[in-house]
Protein chains: 2
Amino acid sequence: MGSVHNFVSLPSRPQSPSIPDTCVNCTARSLTICASLNPQEQAEVAAVATELVFKPRQIIFHEGDEAAFVYNITSGSVALSKSMADGRRQITGFLGPGDFLGFNARASHSVSAETLTDVHVCRFPRRAFHELLARIPPLEHRLLTVATTELEAAQDQILLLGRKTAMERISTFLLMQIERAKARGGVANPLILPMTRAEVGDYLGLTIETVSRCFTKLRKSNVISLLSADRVCINAPEALSALADASD
Amino acid sequence: MGSVHNFVSLPSRPQSPSIPDTCVNCTARSLTICASLNPQEQAEVAAVATELVFKPRQIIFHEGDEAAFVYNITSGSVALSKSMADGRRQITGFLGPGDFLGFNARASHSVSAETLTDVHVCRFPRRAFHELLARIPPLEHRLLTVATTELEAAQDQILLLGRKTAMERISTFLLMQIERAKARGGVANPLILPMTRAEVGDYLGLTIETVSRCFTKLRKSNVISLLSADRVCINAPEALSALADASD
DNA sequence: CGACCCCTTGAGGCTTCTCAAAATCCGTGG
DNA sequence: CCACGGATTTTGAGAAGCCTCAAGGGGTCG
C-alpha cells in the first residue's frame, strides 16, 4: 500500500485484541486520539484519516502555508519553528507521539513543522476534522486538554528564553529531555538527543557555539558525560536541577 | 451587593435588549462567553458564576496555588507571570476582556495573575466549570479556539524572546499594542500603555533601563513621541514595522 | 581512505545588564 | 496654587555574558 493508506480498515475489527504488525500505527493512533471514543466515533475519525510516513529532516508544512490538514503524530519527533527574513530561526517546541500538528485558529500555519526522526502521522483534511470536532465532543475535549498542556509548556519556554542564562537553559533542557524519555517509557540514561546542536540552540535562543561550550562545561564538572554528541550520560541530576534554577 | 454578586439574575430576562447600567458586566460576560449558547445553557453558566472586582496591582491568584477557580475577564487588563527563586520575573502575557484565566490541565496554577487596571471578572468553581464544559459543547469549542489563539501568541512571543534584539522587541511590542487597541475599538494614537516600564521589561525579557533607552532612541529618531511615560504617539508606524522585522 | 558534516575550541567585539545618580511625574497637603 | 515626598523614568559609565568570526577535531559514509 506504499507509504500512504487509509484507515477505514481499522474500525472494522474494533474488538480484535491483537493487531497485525503492519498496522502498529493504527494502534498508536487509536490510543492517542480515540481512547475515549466509542466504535462508531472511531469509525468516523478513521474514515477521514490518511497515514503518512516521513523521513528525518523533511518538512511536513511550512509557516504561512494554507492550513489544509491537521496531523496527529503516531511515532517519531517533530520540531516546530518560526523564522525571520534574515534567517534567524526559533524552534517553538518539539512534539512526539500523540501530539497534534497544524491545528490552527487561522487558515494558515503559524509555524513550520520539520521531522527530526522517521515520523508516522495521521492526516485529516482540516474541514473534515473540524466537523468531527463539532460532532464528537470527547475529541474536542481531548484537543482542549492537549492545547492547554502545550500552552503551559510554552509559558515555561517563555520564562526560559526571557530570563534564564545559557547554563540554566541547557540544564533545564536536559532535565526536560530526561522527563520526556521517562514519560515515553524510554531509557533516560544515557539520554539520546534526536536533535543537532543547531536545533538545541534554535530551541533555547542560543548559538551552536554557546550550546557546545555549556555541554563542555557540564562535562568538565562531571555533571554529564558525552558518549557521543547525541548520547548524554547524566551523572548528577541534582546538580542539573540546581543549575536549572532553585525556584520554579 | 458590594463587589461580589451572583449572576443568576441575568438569564431570567434573556430577551431584554436593554440591560441596566449596574449589570453592564453581565452584558460583557454574556458577549464573551455565552454568545453561541441558548438561554438554558446561559442559565447553567450563570448559575455557577460569581462576579468579582479587583483594583489595580492586585493578585488574582499566585503561581503554584491550587487552581480552585476559573475566571473570565469582563473588563480591564491582567498580567500573567512566572517568577524564579531569586526574583527574576517573566510576564508571559497580557489578557483583556473575554480572555480566560486559570484554566489549567493540572490542579495548580502555572502562572500568577495580577491586575494592571480595575478589573471585573466572572469566577467559576473549577469543578463546576469542567462539568459545564462536558455538558455544553459550544462552550468547550469556544475555549479551544481561545486556547489555540493564545498558543499562537505564545509562539510569537517565543520567537521574540529567543531571537529578536531589544529594539526589535520594543517595536514589535508597540505594534502589538496598537493592534490590540484597534481590536478593542479604542484609540490607537496616542497609544495608552496600562503597564509600567518594569512590566514591559518583564514581558520582553529586558531590563527597565534597556526599555527606557529604546523608547528614548525611538523618540529621538521621531518614530514616536512621548506625551507622558504611558502615552505614546506613533509618528511612523511603517518605521516601527521595519524595526520589528521585515519578515514574519 | 578521503570528503563532508557536525561539533568543539579560541579570540575578540557588541549588545545588554548592573550599578548609580539625576530628572520627572503625581498625589498629598499646606 | 505651590511645595513636598515617593515612585517611576531617564541617563550615564562600566562590566559581563553571549555572539561573531575563524580554525581545528572527530565521526560517518561512500
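Here is how names work: the chains are called A, B, and so on, in the same order as the sequence lines, proteins then strands, and each is numbered from 1. The structure presented is a predicted model; accordingly, all values stated were derived computationally and were not measured.
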**OP:** Would you mind telling me which of B/Phe124, B/Phe61, B/Phe54, B/Phe100 makes a ring-ring contact (aromatic ring centres under 6.0 Å, His included) with B/Tyr71?
**Re:** B/Phe61
**OP:** Identify whether the distance between the nearest side-chain nitrogen and carboxylate oxygen of A/Arg57 and A/Glu199 falls below 4.0 Å.
**Re:** yes
Original post:
Under 4.0 Å between a side-chain N or O of B/Arg213 and OP1 or OP2 of C/dT16?
Top reply: no
**OP:** Calculate the interatomic distance between B/Phe215 atom CZ and C/dC25 atom P; express it in whole Å.
**Re:** 16 Å
**OP:** Send over the distance from B/Arg231 CZ to C/dC25 P, rounded to a whole Å.
**Re:** 13 Å
Original post:
Of A/Ala166 and B/Thr196, whose closest DNA chain D nucleotide lies nearer the 5' terminus?
Top reply: B/Thr196
Subject >> B/Ile73 side, atom CD1; B/Leu101 side, atom CG - distance, nearest 0.5 Å >> reply: 4.5 Å
Original post:
Among residues 205-212 of chain B, which residues get a heavy atom nearer than 4.0 Å to DNA chain C?
Top reply: B/Gly205, B/Leu206, B/Thr207, B/Glu209, B/Thr210
**OP:** Rounded to the nearest angstrom, tell me the gap between atom CD1 in B/Ile170 and atom P in C/dT15.
**Re:** 16 Å
**OP:** Figure out the CZ/C1' separation between B/Arg88 and C/dC17, and round it to whole Å.
**Re:** 12 Å
Subject >> Euclidean distance, atom CZ of residue A/Arg197 to atom C1' of C/dT8 [Å, nearest integer] >> reply: 9 Å
Original post:
Between atom NZ of B/Lys82 and atom CZ of B/Arg88, what is the distance when rounded to the nearest 0.5 Å?
Top reply: 14.0 Å
Original post:
So where does chain B start and stop touching DNA chain D, 5' to 3', when the test is distance under 4.0 Å to a non-hydrogen atom?
Top reply: D/dT9 to D/dA13
**OP:** Mind checking B/Arg219 for me? I need base, sugar-phosphate or nothing, with any heavy atom below 4.0 Å counting as a touch.
**Re:** sugar-phosphate
Original post:
Contact class for B/Leu226 (heavy atom, under 4.0 Å): base, sugar-phosphate, or nothing?
Top reply: sugar-phosphate
Original post:
Does the pair A/Tyr203 and A/Gln157 meet the rule for a side chain to side chain contact (heavy atoms under 4.5 Å, CB included), with working shown?
Top reply: CA-CA 9 Å; A/Tyr203 181 53; A/Gln157 193 65 1; 3.4 Å; yes
**OP:** Evaluate the criterion side chain to side chain contact (heavy atoms under 4.5 Å, CB included) for residue pair B/Arg163 and A/Leu161; output intermediate values, then yes/no.
**Re:** CA-CA 9 Å; B/Arg163 291 304 183 199; A/Leu161 293 171; over 6 Å; no
Original post:
Is there a donor-acceptor contact under 3.5 Å linking the side chains of A/Glu152 and B/Ser110?
Top reply: no
**OP:** Have a look at A/Ser228 and say if it touches a base, only the backbone sugar-phosphate, or nothing, with a 4.0 Å heavy-atom cut-off.
**Re:** nothing
**OP:** Determine, step by step, whether B/Asn189 and B/Cys233 satisfy the side chain to side chain contact (heavy atoms under 4.5 Å, CB included) criterion, reporting the C-alpha distance in whole Å, the side-chain angles of both residues, the deciding distance to 0.1 Å, and the verdict.
**Re:** CA-CA 6 Å; B/Asn189 213 352; B/Cys233 264; 4.1 Å; yes
**OP:** Under the side-chain hydrogen bond (donor to acceptor under 3.5 Å, both in side chains) rule, collect the residues that match up with A/Thr115, sequence neighbours excluded.
**Re:** none
